[in-house]
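Numbers restart at 1 for each chain; the letters A, B, ... are given by sequence-line order, proteins then strands. Both backbone and side-chain heavy atoms feed into the values below; hydrogens, waters and symmetry mates do not. The structure displayed is predicted, hence computed values, not measured ones.
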4 protein chains.
Amino acid sequence: MTASTPPGKSLRPRLRADAARNRAQVLAAARTAFRELGTAAPLDEIARRAGVNIATLYRRFPDRDALIAQVVLDGFAVVLDAARTAAQTARTDPLGALETFMLSLVDNRETLVLPLIGGPVTNDPQARDLQRQIAAALEEVLSAARARGAVRPDVAAVDLITTAALVCRPLPHLPQQQAATLVTRHVGIFLDGLRPNTTRQLPTAPTHEEVAVHLAPGPPEEAPPSAASDR
Amino acid sequence: MTASTPPGKSLRPRLRADAARNRAQVLAAARTAFRELGTAAPLDEIARRAGVNIATLYRRFPDRDALIAQVVLDGFAVVLDAARTAAQTARTDPLGALETFMLSLVDNRETLVLPLIGGPVTNDPQARDLQRQIAAALEEVLSAARARGAVRPDVAAVDLITTAALVCRPLPHLPQQQAATLVTRHVGIFLDGLRPNTTRQLPTAPTHEEVAVHLAPGPPEEAPPSAASDR
Amino acid sequence: MTASTPPGKSLRPRLRADAARNRAQVLAAARTAFRELGTAAPLDEIARRAGVNIATLYRRFPDRDALIAQVVLDGFAVVLDAARTAAQTARTDPLGALETFMLSLVDNRETLVLPLIGGPVTNDPQARDLQRQIAAALEEVLSAARARGAVRPDVAAVDLITTAALVCRPLPHLPQQQAATLVTRHVGIFLDGLRPNTTRQLPTAPTHEEVAVHLAPGPPEEAPPSAASDR
Amino acid sequence: MTASTPPGKSLRPRLRADAARNRAQVLAAARTAFRELGTAAPLDEIARRAGVNIATLYRRFPDRDALIAQVVLDGFAVVLDAARTAAQTARTDPLGALETFMLSLVDNRETLVLPLIGGPVTNDPQARDLQRQIAAALEEVLSAARARGAVRPDVAAVDLITTAALVCRPLPHLPQQQAATLVTRHVGIFLDGLRPNTTRQLPTAPTHEEVAVHLAPGPPEEAPPSAASDR
DNA sequence: CATGAATGAGCATTCATTCAT
DNA sequence: GATGAATGAATGCTCATTCAT
């Protein structure tokens with residue numbers, strides 16, 4: 001599923017080939033720039049990286065938030081893909097499905113801009129819808145697993161989402177490889193923590209609706225540390 | 001241990017009372033501003049929150065990085081405190097010590113600015129030293145736990161630090177209470193994942209030196225999402 | 001020769017008409033502002049005088065030094081013009097050529113920002129090159145004059161350049177007219193001092209290279225007196 | 001004659017020893033700072049160079065202009081000294097006296113802050129008075145020289161003052177030694193230009209009153225070139 | 001459609017000056 | 001008398017955004 005070029009139902013009347021290419025390049029540049037510099041990254045820096053003029057960027061995305069929104073939607077689409085794949089194999093191997101799901105996100109970390117909880121926010125109904133679908137698919141996986149006694153009964157889809165949100169954020173100052181190792185270890189331990197026969201009790205999970213309801217307007221998030229000197 | 005007012009060994013010849021108060025207020029304001037707006041938060045916003053003039057802020061901290069550095073050092077100091085406390089009870093109850101350590105960080109999340117891996121970086125030797133001490137204390141706890149077979153043998157101090165780094169970052173767009181619940185659940189599952197009799201194998205952990213060596217110059221980090229419109 | 005719009009060999013791909021006009025206005029404003037307020041003149045003051053926004057100024061000249069450099073280059077171009085004119089008539093009337101050269105600079109004083117020695121510095125290779133050409137042209141004039149016994153044999157091009165540098169700097173606190181009279185008298189006496197049959201011996205002149213070699217990094221220069229109150 | 005500690009007639013009730021030392025250090029620091037950075041040099045930079053606190057500087061000199069004024073007065077006093085010395089030997093050797101006068105100023109260039117025309121302005125009556133005395137002494141030298149036919153008849157005291165003003169300004173970007181050589185050569189040629197049997201006619205000189213009358217409020221002067229980057 | 005150019009507004013930083021110790 | 005500290009006000013510079021080509 002191509003994330004950034006939503007199906008024909010879109011209002012967009014189908015772009016000219018070069019315009020579509022520019023749009024894709026802007027999104028790609030935004031993705032990396034947002035991860036490296038934060039979502040406050042200068043828009044002309046993004047335009048430069050995309051090899052287009054700043055005005056071209058503005059033609060496609062009326063403001064920063066529109067750009068962020070699209071990047072996030074693209075991220076959600078990737079996650080939804082993974083979640084659906086997991087749902088498909090849930091019947092036969094729910095634990096393996098879970099593991100594959102989490103690790104595929106870790107692998108795609110670099111192209112995901114903080115999707116899910118913790119990411120930049122949009123009150124876009126599409127985003128809401130995608131989140132709902134993601135939660136549903138994961139819940140499906142979990143109930144299959146619970147039915148087999150493969151996971152602790154108190155784990156919820158929101159826990160998987162939280163984990164994804166935490167581990168997909170950039171770990172700056174660490175080389176790619178090392179960051180990947182550390183995060184993979186973390187996910188491994190987390191997955192082991194999903195086994196049944198738990199020793200400890202978790203606080204009650206919020207429902208998906210409780211979480212989603214806050215995804216709309218929301219307060220800003222954290223920012224980049226300016227390793228050496230911000231500007 | 002008072003973090004922001006290091007003992008007399010400091011070069012600073014002891015501040016006048018009012019100056020010290022101002023300095024502390026600036027640091028407190030910076031802490032929250034950094035969490036809410038990112039480390040690129042406007043410095044005059046920080047000064048305003050602290051109730052001092054921007055020039056006063058500059059008198060204490062010659063530039064943004066100096067301010068970040070101090071905030072991070074303070075964060076490290078808090079973590080070191082917690083780690084040492086854990087080390088003290090490690091003999092009698094290593095698992096409890098671990099749990100208390102992790103949860104105390106979650107509780108203090110709000111006053112910690114991305115300490116440890118993933119936080120804003122400083123090549124300050126003090127920061128290095130604190131990190132080293134933190135790692136040492138945690139290793140002490142872990143070896144006590146391993147000796148009793150209370151934890152899986154392949155877990156390392158760096159895993160605890162990674163986890164702390166991940167869960168201490170702000171989860172914007174979520175109300176405090178909910179964020180706390182989600183993170184606490186995550187930590188709970190993670191802790192359960194530390195039990196022995198593991199089902200899965202973790203990739204080899206990097207040594208503390210490998211991780212620390214990258215804490216110096218480092219590339220920038222992630223950034224704020226600009227919920228509505230950044231500027 | 002149009003000083004500020006170097007021929008097509010320039011990298012600049014030819015400015016749009018309005019942009020070129022703005023650029024010229026900025027340079028003109030800078031010229032007078034630098035003379036009146038020093039090269040530390042507020043850049044927004046310059047922008048205001050030029051009737052453009054400060055950001056427009058920055059678009060053309062990335063920083064103060066770039067602006068200074070261009071103003072100086074323009075000054076050098078004017079001087080080179082004069083020197084070449086002098087060289088052309090040197091054969092027939094070397095003394096007259098010298099006099100015309102010096103007085104033309106005095107006349108253009110107002111549009112020259114400390115060109116030559118003593119002016120703001122640039123390590124721009126173009127500047128170096130212009131200086132070299134100026135020195136060469138003047139040397140040509142002088143050798144023609146020396147050949148006829150029209151000037152003392154120990155005078156060098158560097159002396160003419162020094163004199164130009166000295167007399168082209170603003171004499172603040174004096175009305176234009178009076179400053180012009182005083183400087184013209186000074187130049188007149190200086191020119192008379194160039195006659196042969198000298199009574200006194202001059203210290204050995206540095207070579208042009210010796211002088212030029214110091215034009216690169218260089219320490220700052222003198223500054224404005226702040227007639228009433230600088231700020 | 002000690003310039004910066006004017007005779008007892010001063011209003012200042014005689015400073016305590018350490019205060020007097022501080023005052024002298026501030027003036028010395030101001031002298032060099034003004035030459036290096038312009039008269040807009042940061043006052044706290046001057047205080048730092050003087051080794052005193054900025055508030056101490058303010059205690060002695062209520063504002064920048066007061067400091068400038070004193071520095072200029074000191075400069076005038078040095079010039080007056082030299083002019084009087086010249087007047088004393090004018091009877092026996094007027095030309096030598098002139099030469100010695102000019103060269104002594106060149107030698108003291110470094111400690112003179114733009115004295116005379118072209119320097120920072122003061123409406124201080126003391127400054128006026130000093131200038132008058134300087135002009136008188138120089139006129140005395142010149143008339144002795146004219147009487148002997150040792151100089152052209154059309155040279156006036158104002159020409160000497162103009163020349164002094166021109167050559168005493170810093171020539172930045174040139175090493176001390178080279179600047180000295182160039183300026184000395186210039187003065188040498190100028191002095192040779194003072195001989196009688198002139199070939200050219202000078203424009204009529206303004207009277208000393210005409211010149212002095214403009215020394216009061218006056219527009220600002222030129223400024224420092226910011227060799228590399230102003231700030 | 002794409003771009004060069006212009007603008008206004010924000011933020012960092014510095015400095016003169018005053019105040020309290 | 002001297003100093004550390006605080007402040008307000010400039011100024012430099014950058015960026016989002018709009019306009020004209």
Side-chain angles (χ1 to χ4, degrees), chain A residues 15-20 22-23 40-47 52-60 62-64 229-231, chain B residues 12-23 40-47 51-64 226 229-231, chain C residues 12-23 40-47 51-64 226 229-231, chain D residues 15-20 22-23 40-47 52-64 67 229-231:
Chain A
L15 292 174
R16 231 167 58 185
D18 56 345
N22 282 347
R23 184 171 182 280
L43 292 187
D44 54 5
E45 167 70 14
I46 293 176
V52 305
N53 187 280
I54 175 69
T56 300
L57 182 155
Y58 268 92
R59 165 170 290 273
R60 288 300 151 229
D63 57 18
R64 174 188 298 279
S229 167
D230 244 345
R231 317 203 149 213
Chain B
R12 232 172 298 113
R14 189 166 298 297
L15 290 176
R16 233 163 60 181
D18 54 347
R21 188 168 359 100
N22 283 346
R23 185 171 182 277
L43 293 187
D44 54 3
E45 168 70 14
I46 293 177
V52 304
N53 187 279
I54 176 67
T56 298
L57 182 156
Y58 270 93
R59 163 174 276 268
R60 289 298 152 228
F61 305 98
D63 56 20
R64 175 187 297 280
S226 91
S229 170
D230 243 347
R231 320 205 147 209
Chain C
R12 231 172 297 109
R14 190 165 299 298
L15 290 177
R16 234 165 58 182
D18 54 345
R21 186 166 4 96
N22 282 346
R23 184 171 183 279
L43 292 188
D44 55 1
E45 168 70 15
I46 292 177
V52 304
N53 187 280
I54 176 69
T56 299
L57 182 155
Y58 271 94
R59 163 174 275 268
R60 289 299 150 229
F61 305 98
D63 57 18
R64 174 187 298 280
S226 90
S229 169
D230 245 346
R231 319 204 147 208
Chain D
L15 293 174
R16 228 166 62 184
D18 56 343
N22 282 348
R23 185 172 182 277
L43 292 187
D44 53 5
E45 168 70 15
I46 293 177
V52 304
N53 187 281
I54 176 68
T56 300
L57 182 154
Y58 269 91
R59 166 170 290 271
R60 286 302 149 229
F61 304 97
D63 56 21
R64 174 187 298 278
L67 181 54
S229 169
D230 243 348
R231 317 204 150 213

Between E/dG10 (P) and B/Asp44 (CG): distance, integer Å: 11 Å
Specify the residue among B/Tyr58 and D/Pro42 whose closest nucleotide of DNA chain E lies further upstream toward the 5′ end. B/Tyr58
Taken to the nearest whole Å, CZ/B/Arg64 to C1'/E/dG10 is 13 Å
Can you pull every protein N or O that's under 3.5 Å from an N or O on nucleotides 4-6 of chain F?
residue	atom	partner	partner atom	Å
F/dG4	OP2	D/Asn53	ND2	3.0
F/dG4	N7	D/Asn53	ND2	3.4
F/dG4	N3	B/Arg16	NH1	3.4
F/dA5	OP2	B/Arg59	NH1	3.4
F/dA5	O5'	B/Arg60	NH2	3.4
F/dA5	N7	B/Arg59	NH2	3.3
F/dA6	OP1	B/Asn22	ND2	2.4

Once you round to the nearest 0.5 Å, how far does CG of C/Asn22 lie from CZ of C/Arg59? 11.0 Å
Spacing of D/Arg23 atom CZ and D/Thr56 atom OG1 [to the nearest 0.5 Å]: 14.0 Å
How many angstroms lie between CD1 in D/Ile54 and CD in D/Glu45, if you round to the nearest 0.5 Å? 10.5 Å
Can you confirm whether A/Tyr58 sits close enough to A/Leu43 that some side-chain heavy atom of one is under 4.5 Å from a side-chain heavy atom of the other? yes
Rounded to the nearest Å, what distance is computed from the CG atom of residue B/Leu43 to the P atom of nucleotide E/dG10? 17 Å
Protein-nucleotide distance (B/Leu57, atom CG; E/dT13, atom P), rounded to Å: 10 Å
For the pair made of CG in C/Asp63 and C1' in F/dT11, what is the distance, rounded to whole Å? 15 Å
Name the stems that DNA chain F belongs to, where each is three or more consecutive Watson-Crick or G-U pairs with both distances under 3.5 Å? E:2-21 with F:2-21
What is the distance from CZ of C/Phe61 to P of F/dG12, rounded to the nearest Å? 16 Å
If you measure from CD1 on D/Ile46 to CZ on D/Phe61, what distance do you get to the nearest 0.5 Å? 10.0 Å
Spell out, as yes or no, whether a donor-acceptor pair under 3.5 Å connects the side chain of A/Arg64 to the backbone of A/Pro42. no
What is the distance from CD of B/Glu45 to P of E/dG10, rounded to the nearest Å? 13 Å
